[in-house]
Protein chains: 2
Amino acid sequence: MTAIEQFLEQKNIRPTAMRILVYQFLDTKEIAVGLTAIEHAFDKAERTTLYRTLKTFEEKGVVHQIDDGTGTTKYALCEAGCNCDVEQDLHLHFHCTKCNETTCLTDHKIQPMNLPDNFTAEDVNLVVKGICDKCND
Amino acid sequence: MTAIEQFLEQKNIRPTAMRILVYQFLDTKEIAVGLTAIEHAFDKAERTTLYRTLKTFEEKGVVHQIDDGTGTTKYALCEAGCNCDVEQDLHLHFHCTKCNETTCLTDHKIQPMNLPDNFTAEDVNLVVKGICDKCND
DNA sequence: GACTAAATGCACTACCGTTGCATAAACTTA
DNA sequence: TAAGTTTATGCAACGGTAGTGCATTTAGTC
């Protein structure tokens, strides 16, 4: 049994062929990818399967969803020990308007917010748009 | 000529009946509204017209777009002197998961970000999800 | 009033997210 | 190992939103 299989089982996910492939794909990517991008990466992949794979991955805490403002939701692997649910753990995302890629800036945590009276926060989403390092050369 | 008509002309927008209505509607709303919401507010409105009206409003700096993570873009009137383009002027938005309304927290500006080397920011979008004051009673 | 430019209405496309249902694969247990 | 059960997959389809092309109307201009 490979390391990935072990990892998935530990997360209570049956390590099917498709799931392993999706995991590997996400692992090679430094950036957050959308459903369509993954679909194009494997030409014989079924859209629904990928959709549900990502959904289970998210439920089990393997990936987290990112809404970078492009209209399509993107996914990225959680880091070891990442606890996306917990407010303190939220990092910011960077969307490059040139190459259209979305990067997780995991080192850049979001400071707790000051909200008006009677507002309670559950989730914070911070996306910075601009030009990324690769495109800025 | 009414104040609204004057305002629109000053922004280089022809004050047609539809546009005045849309402006008035947005003005009464404290929250950011989506295209469909506006469409339902005027039953004889044409979706495309509203879409284009909002688009011109945005281009001319009358409204600003908000992506609150619900998947549908919302619009809100810019305040007097609001300069949505300028990075310093960006405020945060609050999306209530209970009543599904998005509020502009114009008093809560976003602090400038520290980005990794060679990343340049053009735009910042910060959305906090949770329960708003009205739903927290 | 004739001409020109802009705004509107209608039809239609494309894309994404999502669900229902039938089938196939993988686990369980006798 | 065969039967039965759960889980994953594949296919088809729906619904909503953004967006575009084109014809028509409306509003400004001369």
Side-chain angles (χ1 to χ4, degrees), chain A residues 1-2 4-6 8-23 25 32-60 62-75 95 97 100 102 125, chain B residues 1-2 4-6 8-25 32-60 62-75 95 100 102 125:
Chain A
M1 184 175 334
T2 70
I4 294 178
E5 287 179 272
Q6 249 174 338
L8 291 179
E9 293 222 322
Q10 171 201 327
K11 291 274 184 180
N12 262 311
I13 301 170
R14 275 202 206 160
T16 65
M18 201 68 232
R19 286 170 176 174
I20 294 170
L21 282 173
V22 172
Y23 185 89
F25 178 74
V33 286
L35 185 56
T36 316
I38 306 176
E39 196 185 355
H40 291 328
F42 316 98
D43 34 66
K44 67 175 177 125
E46 177 55 31
R47 195 180 173 72
T48 319
T49 309
L50 293 173
Y51 171 72
R52 285 195 258 238
T53 298
L54 291 165
K55 208 171 168 185
T56 39
F57 275 13
E58 200 206 347
E59 282 165 6
K60 307 290 185 179
V62 175
V63 301
H64 59 265
Q65 262 193 353
I66 301 155
D67 181 2
D68 59 5
T70 55
T72 64
T73 29
K74 303 236 163 66
Y75 303 86
H95 178 73
T97 50
N100 213 31
T102 301
N125 187 29
Chain B
M1 182 172 341
T2 70
I4 295 179
E5 286 180 271
Q6 249 174 339
L8 290 179
E9 292 223 322
Q10 172 201 326
K11 291 274 184 179
N12 262 312
I13 302 170
R14 275 202 205 161
T16 65
M18 201 67 232
R19 286 170 176 176
I20 293 171
L21 282 173
V22 171
Y23 185 90
Q24 282 177 329
F25 178 74
V33 286
L35 185 57
T36 317
I38 305 176
E39 196 185 356
H40 290 329
F42 316 98
D43 34 67
K44 67 176 175 124
E46 179 53 32
R47 198 180 172 72
T48 318
T49 308
L50 292 174
Y51 172 72
R52 285 196 258 237
T53 298
L54 291 166
K55 208 171 167 184
T56 39
F57 275 13
E58 201 206 345
E59 282 165 5
K60 306 290 184 178
V62 175
V63 301
H64 59 264
Q65 263 195 353
I66 300 155
D67 181 3
D68 59 5
T70 55
T72 65
T73 28
K74 303 237 163 63
Y75 303 87
H95 177 73
N100 213 32
T102 301
N125 186 30

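Note that this is a predicted model, so its numbers are computed, not measured. In the text below, chain A, chain B and the rest are named by the order of the sequence lines, each starting its count at 1.
Side-chain atoms of A/Asn125 come within 3.5 Å of backbone atoms of A/Asp67 as a donor-acceptor pair (strictly under, hydrogens ignored).
A distance of 10.0 Å separates CG of B/Leu50 from CG of B/Leu21, quoted to the nearest 0.5 Å. A distance of 14.0 Å separates CD1 of B/Ile4 from CZ of B/Arg19, quoted to the nearest 0.5 Å. Atom NZ in B/Lys60 sits 6.5 Å away from atom CD1 in B/Ile13 (nearest 0.5 Å).
Using a 4.0 Å cut-off, no side-chain N or O of B/Tyr51 falls inside it from OP1 or OP2 of D/dA18. Close to D/dT17, at under 4.0 Å from its OP1 or OP2, lies no side-chain N or O of B/Lys74.
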Collect all protein-nucleotide pairs involving nucleotides 12-16 of chain C in which both atoms are nitrogen or oxygen and the distance is under 3.5 Å.
unit_1	atom_1	unit_2	atom_2	d
C/dC16	OP2	A/Thr36	OG1	3.4

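Annotation: side chain of B/Thr36 is in contact with side chain of B/Glu39 (closest heavy-atom distance under 4.5 Å). Inter-residue side-chain proximity for A/Tyr75 and A/Gln65 is flagged as met; some heavy-atom pair is nearer than 4.5 Å. In this structure the side chain of A/Thr53 never reaches within 4.5 angstrom of the side chain of A/Tyr23, judged on heavy atoms.
Here C/dT18 presents its C1' atom at 14 Å from CD of A/Glu59, a figure rounded to the nearest Å. The distance from atom CD1 of A/Ile20 to atom P of C/dA25 is 16 Å, rounded to the nearest whole Å. In this structure, CD of A/Glu46 is placed 15 Å from P of C/dG17, rounded to the nearest angstrom. The interatomic distance linking A/Leu50 (CG) with D/dA8 (C1') rounds to 13 Å, in whole Å. One atom, CD of B/Glu39, and another, P of D/dA18, lie 10 Å apart when rounded to the nearest Å. The interatomic distance linking B/Leu21 (CG) with C/dA7 (C1') rounds to 15 Å, in whole Å. The CD1 atom of A/Ile13 sits 11 Å away from the P atom of D/dT9 (whole-angstrom rounding).
Considering only residues two or more places apart in sequence or on other chains, B/Phe42 meets the ring pair (Phe, Tyr, Trp, His ring centres under 6.0 Å) condition with B/Phe25.
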- [ ] If a protein heavy atom is under 4.0 Å from the base, mark B; if only from the sugar-phosphate, S; if neither, -; do that for nucleotides 21-30 of chain D going 5' to 3'.
- [x] BB--------
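None of A/Thr73, A/Thr72, A/Leu54 except one satisfies the side chain to side chain contact (heavy atoms under 4.5 Å, CB included) rule with A/Leu35; the exception is A/Leu54.
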